[in-house]
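This report refers to the structure that appears directly beneath it.
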Amino acid sequence: MTDYVGQTVDVLDCYEGRDAAITFTLYFCCLLSGFYPRKSKLHRSLQRIFKRLEDCRVVLRLYDDLTILRDLFTYELRPGERNWIVRLLKCLHYLSWLCYYPSEHIGWLGEMKMLDVDAKLWDFYTNFFWSSALLTSALWNAYVVLQYMVQQSYSVERKEEEKKSFIPWTAARNAMLATVRDGTEFMVAVNYLPRSYLWGSRLTYIQVGMFGTCSAFLRLFALFKFHHE
């Protein structure tokens, strides 16, 4: 019991863990709200919590640009990625996040009446780059899983020859979790786009809550299970 409490404190003590917990809570509220009539008091209360927690995450992300910039340069400056498909998807992923954060900040400042901009237009840009970042992440991680599965069929001699590029189980496991995690969040991100984009604005509260809760749960699971690796 003490170990569990200590582990929970460790996870919630870091930024990523706290953000995952807030995300899980807000999407769980959205999921619950879908089971009640829209005009009911409980539905409105749950949606109010959902929106307040969403606003909370927007404020917490105000300085995340620097983290993504650091990750991009760290990735670009290290020895070249052997697989050009993974490298391309990762670069597009980081560029999408680099566009996402300024778009969100400008849209937020527009809502606060600090900037004279079309807040809805910048909200569209934000959700578009959010969707792009999640899609590229899900694709590159799915490709890593596929590579791992292919490598398992190699002969012992070939495994020895390609030892340097061989994908370890821990990397494949993390890629599996990331594929499902970002894939389910991608479903939510596209829903925030206009109706002309795929399933934009078509998902119900239950569907949004289900996909969002699943994604946030996988984030928390990975932090609890593999936080010290």
Side-chain angles (χ1 to χ4, degrees), residues 1-35 46 49-61 64 67-68 70-71 74-75 86 89-90 93-94 96-97 100 127 130-149 151-152 167-192 203-229:
M1 184 65 181
T2 306
D3 291 341
Y4 179 75
V5 172
Q7 191 178 13
T8 303
V9 171
D10 287 343
V11 169
L12 295 178
D13 203 34
C14 68
Y15 172 79
E16 189 177 353
R18 193 177 297 113
D19 181 65
I22 293 171
T23 306
F24 180 85
T25 306
L26 73 89
Y27 282 122
F28 189 65
C29 288
C30 182
L31 175 63
L32 290 178
S33 71
F35 292 102
L46 288 166
I49 294 171
F50 170 72
K51 294 185 185 302
R52 290 288 177 87
L53 290 176
E54 267 196 328
D55 293 340
C56 169
R57 292 190 70 217
V58 171
V59 174
L60 289 173
R61 286 195 294 262
D64 281 3
T67 305
I68 290 297
R70 180 203 62 193
D71 292 345
T74 301
Y75 175 72
V86 174
L89 288 171
K90 281 190 176 183
H93 171 76
Y94 288 126
S96 295
W97 280 128
Y100 167 83
N127 293 321
W130 180 27
S131 302
S132 301
L134 293 169
L135 178 61
T136 49
S137 176
L139 288 175
W140 113 54
N141 280 293
Y143 186 79
V144 170
V145 174
L146 181 62
Q147 277 188 306
Y148 175 80
M149 293 173 68
Q151 287 175 349
Q152 297 311 298
I167 299 169
W169 159 243
T170 52
R173 177 202 64 199
N174 293 339
M176 288 179 198
L177 286 172
T179 301
V180 181
R181 179 198 68 205
D182 293 340
T184 50
E185 192 175 352
F186 173 70
M187 299 292 291
V188 176
V190 172
N191 184 63
Y192 282 93
L203 298 185
T204 64
Y205 289 122
I206 292 176
Q207 290 170 327
V208 170
M210 180 183 65
F211 287 124
T213 302
C214 177
S215 177
F217 173 78
L218 288 174
R219 285 176 63 192
L220 285 170
F221 174 79
L223 287 168
F224 272 102
K225 195 76 174 175
F226 316 119
H227 185 59
H228 297 294
E229 288 188 5

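The model shown is predicted, which means the values in this text are computed figures rather than measured ones.
- Other residues, nucleotides and ligands place more than 12 heavy atoms under 6.0 Å from the OH atom of Tyr148.
- For the pair Phe186/Trp130, no side-chain contact is recorded, criterion being any heavy-atom separation below 4.5 Å from C-beta on.
- A distance of 9.5 Å separates CD of Glu16 from CG of Leu220, quoted to the nearest 0.5 Å.
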Kindly indicate, with the supporting measurements, whether the criterion side-chain contact (heavy atoms from CB on, under 4.5 Å) is fulfilled by Thr213 and Phe24.
CA-CA 5 Å; Thr213 302; Phe24 180 85; 3.4 Å; yes
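- A pairwise comparison of heavy atoms in Leu223 and Ala20 identifies CD1-CB, 4.4 Å as the closest pair.
- Listed by first then second residue, pairs satisfying salt bridge (charged side-chain N to carboxylate O under 4.0 Å, His left out) with a partner in residues 212-223 read Asp19-Arg219, not counting sequence neighbours.
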Derivation of the side-chain contact (heavy atoms from CB on, under 4.5 Å) call for Trp97 and Thr136
CA-CA 11 Å; Trp97 280 128; Thr136 49; over 6 Å; no
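- We find the CZ-CG distance between Arg57 and Asp64 to be 9.5 Å, quoted to the nearest 0.5 Å.
- Taking all atoms of both residues into account, the shortest heavy-atom contact from Ala189 to Leu134 is CB-CD1, 3.9 Å.
- Within a 6.0 Å radius of CZ in Arg52, other residues, nucleotides and ligands contribute 12 heavy atoms or fewer.
- At least one donor-acceptor pair closer than 3.5 Å links the side chain of Gln207 to the backbone N or O of Thr204.
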What verdict does the side-chain contact (heavy atoms from CB on, under 4.5 Å) test give for Tyr15 and Leu60, after you've listed the backbone C-alpha separation in whole Å, the side-chain angles of each residue and the deciding distance to 0.1 Å?
CA-CA 9 Å; Tyr15 172 79; Leu60 289 173; 4.2 Å; yes
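- Side chain of Asp13 to backbone of Val9: no donor-acceptor contact under 3.5 angstrom is found.
- Applying the side chain to side chain donor-acceptor pair (under 3.5 Å) rule to Arg18 yields no partners; only residues at least two apart in sequence or on another chain are considered.
- The minimum heavy-atom distance between Val190 and Ser131, with the atom names listed, is N-OG, 3.7 Å.
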Side-chain donor-acceptor pairs of residues 175-182 under 3.5 Å, sequence neighbours excluded:
from   : atom 1 : to     : atom 2 : distance (Å)
Thr179 : OG1    : Ala142 : N      : 3.2
Thr179 : OG1    : Ala175 : O      : 2.7
Asp182 : OD2    : Ser137 : OG     : 2.4

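- Contact check for Phe50 versus Ser33: no side-chain heavy atoms found under the 4.5 Å cut-off.
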Quick one, Tyr100 with Asn127, criterion side-chain contact (heavy atoms from CB on, under 4.5 Å). Give me CA distance, side-chain angles, the key distance, then yes/no.
CA-CA 8 Å; Tyr100 167 83; Asn127 293 321; 5.8 Å; no
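- Of the inter-residue distances, the one linking Met187 atom CE with Ser215 atom OG reads 12.0 Å to the nearest 0.5 angstrom.
- Contact detail for Gly212 and Val188: the closest heavy-atom pair is N-CG2, 3.7 Å.
- Under the 3.5 Å distance criterion, the side-chain polar atoms of Gln7 are matched with a main-chain donor or acceptor of Phe224.
- Tyr205 is not listed as a side-chain neighbour of Leu46, based on a closest heavy-atom distance of 4.5 Å or more.
- Listed for the His93 side chain is a donor-acceptor partner under 3.5 Å among the backbone atoms of Ala133.
- Nearest heavy atoms, Gly209 versus Cys30: N-SG, 4.0 Å.
- Looking at every heavy atom in both residues, Ile22 comes nearest to Cys56 through CD1-SG, 4.1 Å.
- Between Ile68 atom CD1 and Ser96 atom OG the span is 10.5 Å, to the nearest 0.5 Å.
- Glu54 places no side-chain N or O within 3.5 Å of a backbone atom of Leu26 that could act as its donor or acceptor partner.
- Annotation: side chain of Asn191 is not in contact with side chain of Phe211 (no heavy-atom distance under 4.5 Å).
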